[in-house]
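Each remark here refers to the structure printed beneath this line.
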Amino acid sequence: MNEDELAPLLHTTNSPSSNLRRLSKHSLIILYLTSFIGATGYSMVISSALPYLQSIDHTISLSFYGWVVGAFSIGQLLFSPVLGYLTNKFGYRFPYCLSVTIIGLSNILYAYAYVFPVTFAGINHIPGYVLICARFFIGVGSSNVAIARSYISDTIPINERTKYLGFIAAAQSTGFLLGPVLQLMFVGLGHEGYFIPIINFQLNMYTAPAMFSVYICLINLLALMIAFVDFSKHVNREDDSPTIDVISSSPIDFTAVVLSNILWFVNLTAISFFEGILTALLQAEYAWNHQKVITVGSVLGGAIALTAFFVFLSISFLAKRFKERHLLTCALLITAIGYFVCYPISNSYPPEKPVNATSPQTAVGCDTSQYSWCHSVHTIYFFQFVISGTITMLAYSANVVLVTTLYSKILGPCQQGVYQGFLTTSGSTARFLAPIVITAVFAKFGPLVAFFTMGTLFSLTTVLQVIFSSKFVPRLL
């Protein structure tokens, strides 16, 4: 039975649980909100995290910053299966509320990192380690994306999942891309900002985004407690829904499951790549100060987010006309091309950072004390960087929808909480390793090797996906 023959069997109007399934769709709005808020809270501080570190500790290195970025994903890596297990055990509401609470508390710790001494008991970079800890627990809370995918897999018939998983992917990835735009609201506070004595807090362009995340976490928590319908409390997964009856006996293709996790791993390195080197690249290549880096990065992220949103909406339309696995091949190839666009074609070298400059306004340019390539690797034109980032992030958006949709269909009618946790874990592994590796490569060899490495990775992944394309089909009888 192929995909076209299966589709008519998957529509249901007489299932005894069909009314509840329609009711559960109202809760999807809250899931979209939760996914958007979690992603926005994460990415809102990305463009300002390195300047924040540098404003606290002038001796901080780019490699250390890679650990700050990667800590988020370590938290997701370790706790995604745990949240998946809690979902299967206790339903959806409890792990959701727990995860959002953790995110809120961790953002408070992030905002107060500046109050810790730079050196204590012979240990250097104490505020940096505080940021690593805060980002780790934000990642723990953000593991709830696996719950969202599991909820959709349990409540939405297989023939409609592309659309709804596309909405979840759109909410999450738009949040990742739109977060830096929200950072613009706080750029006007500047480096000094305002001191609030009653809570001993310095509100500036570095700390305000984290406190804003706490505020939206409170809104999210109230929505989950008041309006969210916990589907697992009302319907047994062994009901007579055609989603279960039609596809219940065939075994899961674990080769396809592993391949899906590999593709998810590679795809998540795309956004981690820009998270890891965006600020450092803009500072080194174009000698922009902290405020300009944050502003330009935020505007660029917003423009990409707007176009990416339409990509999410169009995937469901394209999936009706082309096989999803073929669309995935095209998206992976386009991602690879996007990285190769950044091959340096200029004849100039990056401007050198002034010696002994420490002010956020003057400590800009290519730092020859950290980068040996400042006078050997030509500058990437800014328009190249914009084109590369746009192509890559648009293709990344398509990959997110296609991989998650195919993965859900490959798993079929089983409790997907743990499996979706594994998918989130593979992505978290990528988002943990990629910033550390890429920042190290960027610091050692420069942007040329960094972009070429990513282009090669996606080229090889495209070949792998083509070879095993026949594995990416729904779980059939």
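Along the sequence shown, residues carry numbers from 1.
A 4.5 Å side-chain heavy-atom check between Phe458 and Tyr339 finds at least one atom pair inside the cut-off. Side-chain atoms of Phe265 and Thr429, non-hydrogen and from C-beta on, do get closer than 4.5 Å to each other. Put simply, the side chain of Leu281 reaches to within 4.5 Å of the side chain of Phe451, judged on heavy atoms. By the 4.5 Å heavy-atom criterion applied to side chains, Ile199 and Tyr112 are counted as neighbours.
When atom types are taken as modelled, the side chain of Tyr110 and the backbone of Ile138 share no donor-acceptor pair closer than 3.5 angstrom. Put simply, the side chain of Thr392 never gets that close to the backbone of Gly389: no donor and acceptor are under 3.5 Å apart.
Atoms CG and CD1, on Leu222 and Ile30 in that order, are 11.0 Å from each other to the nearest 0.5 Å. Taking OG from Ser426 and CH2 from Trp264, the interatomic distance works out to 8.0 Å, rounded to the nearest 0.5 Å. Rounded to the nearest 0.5 angstrom, Ile74 CD1 and Leu433 CG are separated by 8.5 Å. Asn399 contributes atom CG, which lies 4.0 Å from atom CG of Asn267 (distance to the nearest 0.5 angstrom). The CD atom of Gln202 lies 10.0 Å from the OG atom of Ser55; values are rounded to the nearest 0.5 Å. Taking CG from Leu86 and NZ from Lys89, the interatomic distance works out to 10.0 Å, rounded to the nearest 0.5 Å.
Contact between Arg325 and Ser469 at its shortest, heavy atoms only, is CD-O, 2.9 Å. Scanning all heavy atoms of the two residues, the minimum distance from Ile410 to Ser260 falls at CD1-OG, 3.6 Å. Taking both residues in full, the closest heavy atoms of Cys217 and Ile103 are given as SG-CG2, 3.5 Å, listed atom of the first, atom of the second, then distance. Here the closest non-hydrogen pair linking Leu224 and Cys97 is CB-SG, 4.0 Å. In terms of heavy-atom proximity, Leu83 sits nearest to Pro95 at CD2-CB, 3.9 Å. The two residues Leu402 and Ile315 come nearest to each other via the heavy atoms CD2-CG2, 3.9 Å.
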Applying side chain to side chain contact (heavy atoms under 4.5 Å, CB included) to Val266 and Leu332, what does each step give before you reach the verdict?
CA-CA 10 Å; Val266 173; Leu332 290 169; 5.6 Å; no

Pair Glu324, Leu328 - check side chain to side chain contact (heavy atoms under 4.5 Å, CB included), show working.
CA-CA 6 Å; Glu324 289 158 332; Leu328 180 59; over 6 Å; no

Are Tyr65 and Gln54 close enough, and set up right, to give a side chain to side chain contact (heavy atoms under 4.5 Å, CB included), and what steps lead you there?
CA-CA 10 Å; Tyr65 170 67; Gln54 292 170 335; over 6 Å; no

Determine whether Leu460 and Leu464 satisfy the following criterion, side chain to side chain contact (heavy atoms under 4.5 Å, CB included), listing intermediate values before the conclusion.
CA-CA 6 Å; Leu460 294 175; Leu464 178 69; over 6 Å; no

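Put simply, the residue from Asn261, Val257, Thr255 that forms a side-chain contact (heavy atoms from CB on, under 4.5 Å) with Leu259 is Thr255.
Dense packing is recorded around CE of Met185, with more than 12 heavy atoms of other residues, nucleotides or ligands lying under 6.0 Å away.
Not counting sequence neighbours, the partners of Ile334 by the side chain to side chain contact (heavy atoms under 4.5 Å, CB included) test are Ile391, Ala395. Applying the side chain to side chain contact (heavy atoms under 4.5 Å, CB included) criterion to Phe452, with sequence neighbours excluded, gives Phe340, Thr456. Considering only residues two or more places apart in sequence or on other chains, Thr34 meets the side-chain hydrogen bond (donor to acceptor under 3.5 Å, both in side chains) condition with Asn220. Partners of Ile438 under the side chain to side chain contact (heavy atoms under 4.5 Å, CB included) rule, at least two apart in sequence or in another chain, are Phe273, Ile277, Met454. For Pro209, the side chain to side chain contact (heavy atoms under 4.5 Å, CB included) partners are Met44, Val45, Gln183, Phe186, not counting sequence neighbours. Listed by chain and residue number, nothing satisfies the side-chain hydrogen bond (donor to acceptor under 3.5 Å, both in side chains) test with Thr269 (two or more places apart in sequence, or in another chain). Legend: residues meeting side-chain hydrogen bond (donor to acceptor under 3.5 Å, both in side chains) with Ser99, ordered by chain and number and at least two apart, are Asn144. Every residue two or more places apart in sequence or in another chain that forms a ring pair (Phe, Tyr, Trp, His ring centres under 6.0 Å) with Phe94 is listed here: Phe90. Remark: Ser388 pairs with no residue by the side-chain hydrogen bond (donor to acceptor under 3.5 Å, both in side chains) rule, at least two apart or across chains.
Aromatic ring orientation, Tyr96 versus Phe228: perpendicular (interplanar angle above 60°, classes split at 30° and 60°).
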If you look only at distance, which donor and acceptor atoms sit under 3.5 Å apart when one is on a side chain in residues 115-137 and the other is two or more places apart or in another chain?
from   : atom 1 : to     : atom 2 : distance (Å)
Thr119 : OG1    : Asn124 : OD1    : 3.1
His125 : ND1    : Asp57  : OD2    : 2.5

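Within the structure, the salt bridge (Lys or Arg N to Asp or Glu O under 4.0 Å) test picks out the following pairs touching residues 454-473 (sequence neighbours left out): Asp253-Lys471. Under the side-chain hydrogen bond (donor to acceptor under 3.5 Å, both in side chains) criterion, the residue pairs touching residues 207-218 are Asn204-Thr207, with sequence neighbours excluded.
In this structure, Tyr114 has its ring center no closer than 6.0 Å to that of Tyr206.
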